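We count ligands from 1, going down the list as the structure has it; atoms in each ligand are counted the same way. Being a predicted model, the structure only gives us computed values, none of them experimental. No hydrogens, no waters, no symmetry mates; every other heavy atom, side chains included, goes into these values.
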Amino acid sequence: MRRLIPLLLLAVALTSVAQNPIICDQFTADPTARVFNNKVYLYPSHDIIPPEGQRQDWFCMADYHVFSSDNLSDWTDHGVILRQEDVPWGNPEGYAMWAPDCIQKGDKYYLYFPDRPREGRGFAIGVATAERPEGPFTCESEPIQGVTGIDPCVLIDEDGIAYLYWSGAGLQGARLKDNMTEIEGEPTAEHTMQGLPEGFKEGPFVFKRNGWYYLTFPWVRHEGGTETLAYAMSRTPLGPWDFKGIIMSEHANGCWTNHHSLVEFRGQWYLFYHHNSLSPNDDKRRSVSIETVVFRPDGTIQQIYPTSPATTQD
Ligand code: FUB
């Protein structure tokens, strides 16, 4: 009986997850799921078909929507929460609102997002704040100083200290100041996470469970390959990390990217990830799916095999 109960709980969780992909009236990618006020809020990138004049075979994103659900099946679209034109330091025609994150501290919600600056090259990471998870969000006048790159993720530890992780030259991590808009220490300091294998890495998502920090990330394990989802564990928030392996293997249809978050909701952990299910001939227009996650007794994660329509190589 003691063995049956977890299996029954898992079966209930599986049947309560929506059919994949979960949002079908627009493209959604790079999903960060967070639990606020006993609901799951989803902060994805919003892939669009590139307008004329933009590169047609590349990512194209002009704004963010936020979605919420209290059963993981029915999702409410709260509409646009930030547009590229609303970013004071951003290029209003950059179409580069890539993977975001949102976190609550006190009575404020902080949206972290990459964008192309008006001046110069590359990406910076901005912060916008709101009083509610669905916005409206107001953007800070400058991006985070000393941080260049994409795919921000924020962890607030049990002691209240916040950490920012992002993808620059490799995966980076730094402590955030209490104001949540600046990193501690010298901007030029070495922030690269130690202990990770070779292979292009982006999209860090860090969470804590039972005293373990998990650094999860898309990882290309073979030269010329596409992205898996992989992870490493540590007893400290900035590593060094002990690489553990694959969470989800490469998409079987060649969709180059995957990007994800893991979240616990009502006692069950879920993986949110993306696949080009709604645009099989275009892997830059992606859609979010959900699977359940199983942790082994030692804290490691069982490999996840996506449910239809996504399939993986193994
Ligand atoms: O969505 C644009 C980029 O594709 C993200 O920043 C990466 O993580 C990859 O999913």
Q. Would you say ligand 1 has an N or O under 3.5 Å from any N or O of R286?
A. yes

Q | Test item: side-chain donor near acceptor, H274 and T257, under 3.5 Å | A | yes

Q: Kindly give the cluster partners of L238, where membership spreads through any ILVMFWY side chain lying under 4.5 Å from a current member.
A: L155, I161, Y163, Y165, L171, M193, L196, V206, Y213, L215, F217, W219, W241, F243, I246

(Q) Among all the protein's non-hydrogen atoms, which is closest to atom 6 (O) of ligand 1, and how far away is it? (A) D151 OD1, 2.5 Å

**Q.** Residue pairs, two or more places apart or on separate chains, that pass side chain to side chain donor-acceptor pair (under 3.5 Å) and touch residues 116-125
**A.** none

Q. So is E227 close enough to ligand 1, meaning a heavy atom under 4.0 angstrom away?
A. no

Q.
Any nitrogen or oxygen of H259, side chain or backbone, less than 3.5 Å from one on ligand 1?
A. yes

Q.
Under a 4.0 angstrom heavy-atom cut-off, which atoms of ligand 1 come close to M61?
A. 1 (O), 2 (C)

Q: Would you mind checking which non-hydrogen protein atom is closest to atom 9 (C) of ligand 1, with the distance to 0.1 Å?
A: E202 OE2, 3.6 Å

Q | Within-cut-off N or O pair, D30 and ligand 1, under 3.5 Å | A | yes

(Q) Strictly below 4.0 Å, N to O, side chains only: are K177 and E184 in salt-bridge contact? (A) no

Q: If you have a sec, work out which protein heavy atom is nearest atom 3 (C) of ligand 1 and how many Å separate them, to one decimal?
A: W98 CE3, 3.7 Å

Q | Carboxylate-amine/guanidinium proximity below 4.0 Å for R221 and D314 | A | yes

(Q) Quick test of your reading of the model: are E85 and R83 salt-bridged, counting only N-O distances below 4.0 Å? (A) no

